[in-house]
Amino acid sequence: MALKKKKLVIGNWKMNIFTTKEAEKLVAGIKKESLKTKNTDIVVAPPFVYLASLKGLVSKKVSLGAQNIFEETAGSYTGEVSAQHLTQFKVSYVIIGHSERRARGESDASISKKIVRALEHKITPVLCIGESVHDDHGEYLDFIKSQLASGLSGVSKMQISDVVIAYEPIWAIGAKEAMNSNQVHEMSLYIQKCIKEMYGAMVMMPRILYGGAVNADNAREIVDRGYVDGLLVGRESLKVENFVGIIKNVDLIK
Ligand code: PEP
């Protein structure tokens with residue numbers, strides 16, 4: 001019998017939290033308050049500058065993520081950080097192609113290279129995809145399909161289950177309301193269909209997450225009724241009680 005995959009909840013701190021002490025306190029608090037959870041993998045993705053100090057706090061349950069990497073491994077690329085740098089800090093996940101980066105010019109070609117670099121260094125890439133408008137004609141479906149095709153263009157059938165797909169409709173990011181769980185379910189099914197078209201019906205599915213205005217009140221419904229494997233959380237990952245509230249509610253799902 002195939003092992004049931006654990007749920008995954010990732011907190012993307014973005015460009016927040018401004019002292020090492022605060023970063024350590026946040027991770028220590030998350031670890032302490034989530035001690036009793038059993039079915040959920042937890043990831044915190046702080047700014048790069050905290051990785052060295054947070055490395056000592058990672059555990060089997062709480063892993064470290066990064067918010068980006070550069071598309072090459074080494075060389076004359078002033079200001080960039082590569083997957084190779086991250087391996088020494090026990091970084092297990094890296095968010096790639098977040099809409100905030102795409103909006104600032106990150107291209108599909110660069111995103112696809114970053115996914116390959118992460119896999120080469122045994123870091124799980126979290127490929128972010130999502131439409132800006134959920135239009136009535138369903139044009140967003142082709143958009144999602146093309147983001148998947150280009151983001152995964154360097155990923156083989158053997159590797160696809162080592163990737164995480166984070167579906168984040170841009171209109172829900174930073175918004176008041178999340179997408180409703182029926183729509184999340186439709187999108188999760190559609191993403192699975194696209195992956196089967198790309199890799200064949202017998203493919204081992206990657207974990208699919210939802211992101212956009214998730215909080216402790218809506219987390220369980222989105223994961224349970226949206227049939228996703230977890231959540232990518234922005235604002236609500238910056239306070240222990242809010243983030244752990246989400247984790248505990250997801251962890252209740254059978
Ligand atoms: C995000 O930016 O990936 C995100 C999901 O943000 P928020 O949870 O704040 O909507």
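Since we're looking at a predicted model, the values are computed, not measured. First listed ligand is number 1; within each ligand, the first listed atom is number 1.
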In the protein, what heavy atom is nearest to [atom], and what distance, to one decimal place, separates them?
{"atom": "atom 1 (C) of ligand 1", "value": "H98 NE2, 3.3 Å"}
{"atom": "atom 5 (C) of ligand 1", "value": "E168 OE2, 3.1 Å"}
{"atom": "atom 9 (O) of ligand 1", "value": "R235 NE, 2.7 Å"}
{"atom": "atom 2 (O) of ligand 1", "value": "K14 NZ, 2.4 Å"}

inquiry  = Please check whether G174 reaches ligand 1 - meaning an N/O of the residue sits under 3.5 Å from an N/O of the ligand, judged on distance alone.
reply    =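 Yes - when backbone and side-chain N and O of G174 are compared with those of ligand 1, one distance drops under 3.5 Å.
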Show me the donor-acceptor pairs within less than 3.5 Å that the side chains of residues 19-31 make with the rest of the protein, sequence neighbours left out.
| from | atom 1 | to | atom 2 | distance (Å) |
| --- | --- | --- | --- | --- |
| T19 | OG1 | E22 | N | 3.0 |
| E22 | OE1 | F18 | N | 3.4 |
| K31 | NZ | L57 | O | 2.8 |

message = Does this structure show an ion pair linking D108 with R102, if we count only N-O contacts that are shorter than 4.0 Å?
response =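 Salt bridge present between D108 and R102.
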query = Do the charged groups of E100 and R104 touch, with an N to O distance under 4.0 Å?
reply =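 So E100 does not pair with R104 through a salt bridge.
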task = Sort and list the pairs that fulfil salt bridge (charged side-chain N to carboxylate O under 4.0 Å, His left out) and have at least one residue in residues 127-140, not counting sequence neighbours.
result =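 Every pair satisfying salt bridge (charged side-chain N to carboxylate O under 4.0 Å, His left out) with a residue in residues 127-140: there are none.
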Under 4.0 Å to a heavy atom of [X] - the qualifying atoms of ligand 1, by number:
{"X": "A213", "value": "7 (P), 8 (O), 10 (O)"}
{"X": "G212", "value": "5 (C), 10 (O)"}
{"X": "L232", "value": "5 (C)"}
{"X": "I173", "value": "1 (C), 2 (O), 4 (C), 6 (O), 10 (O)"}

task = Just let me know how E236 lines up against ligand 1, side chain, backbone, both or neither, with a heavy-atom cut-off below 4.0 Å.
result =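 Looking at E236 and ligand 1, no heavy atom falls under 4.0 Å.
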message = For the residue pair S110 / E71, report whether a side-chain donor-acceptor contact shorter than 3.5 Å exists.
response =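 Yes, S110 and E71 have a side-chain donor paired with an acceptor closer than 3.5 Å.
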request  = Pick, from G11, C128, G234, G130, the option with the minimum heavy-atom distance to atom 6 (O) of ligand 1.
outcome  =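 Residue with the shortest heavy-atom distance to the ligand atom: G234.
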request  = Measure across V91 and I123 and return the closest heavy-atom pair with its distance rounded to 0.1 Å.
outcome  =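 Closest heavy-atom pair between V91 and I123: O-CG1, 3.6 Å.
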Chi angles and distances behind the side chain to side chain contact (heavy atoms under 4.5 Å, CB included) call for L86, V81 = CA-CA 8 Å; L86 300 186; V81 172; 3.9 Å; yes
Y210 side chain to M179 backbone, donor-acceptor under 3.5 Å =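 Looks like yes, one N/O pair under 3.5 Å.
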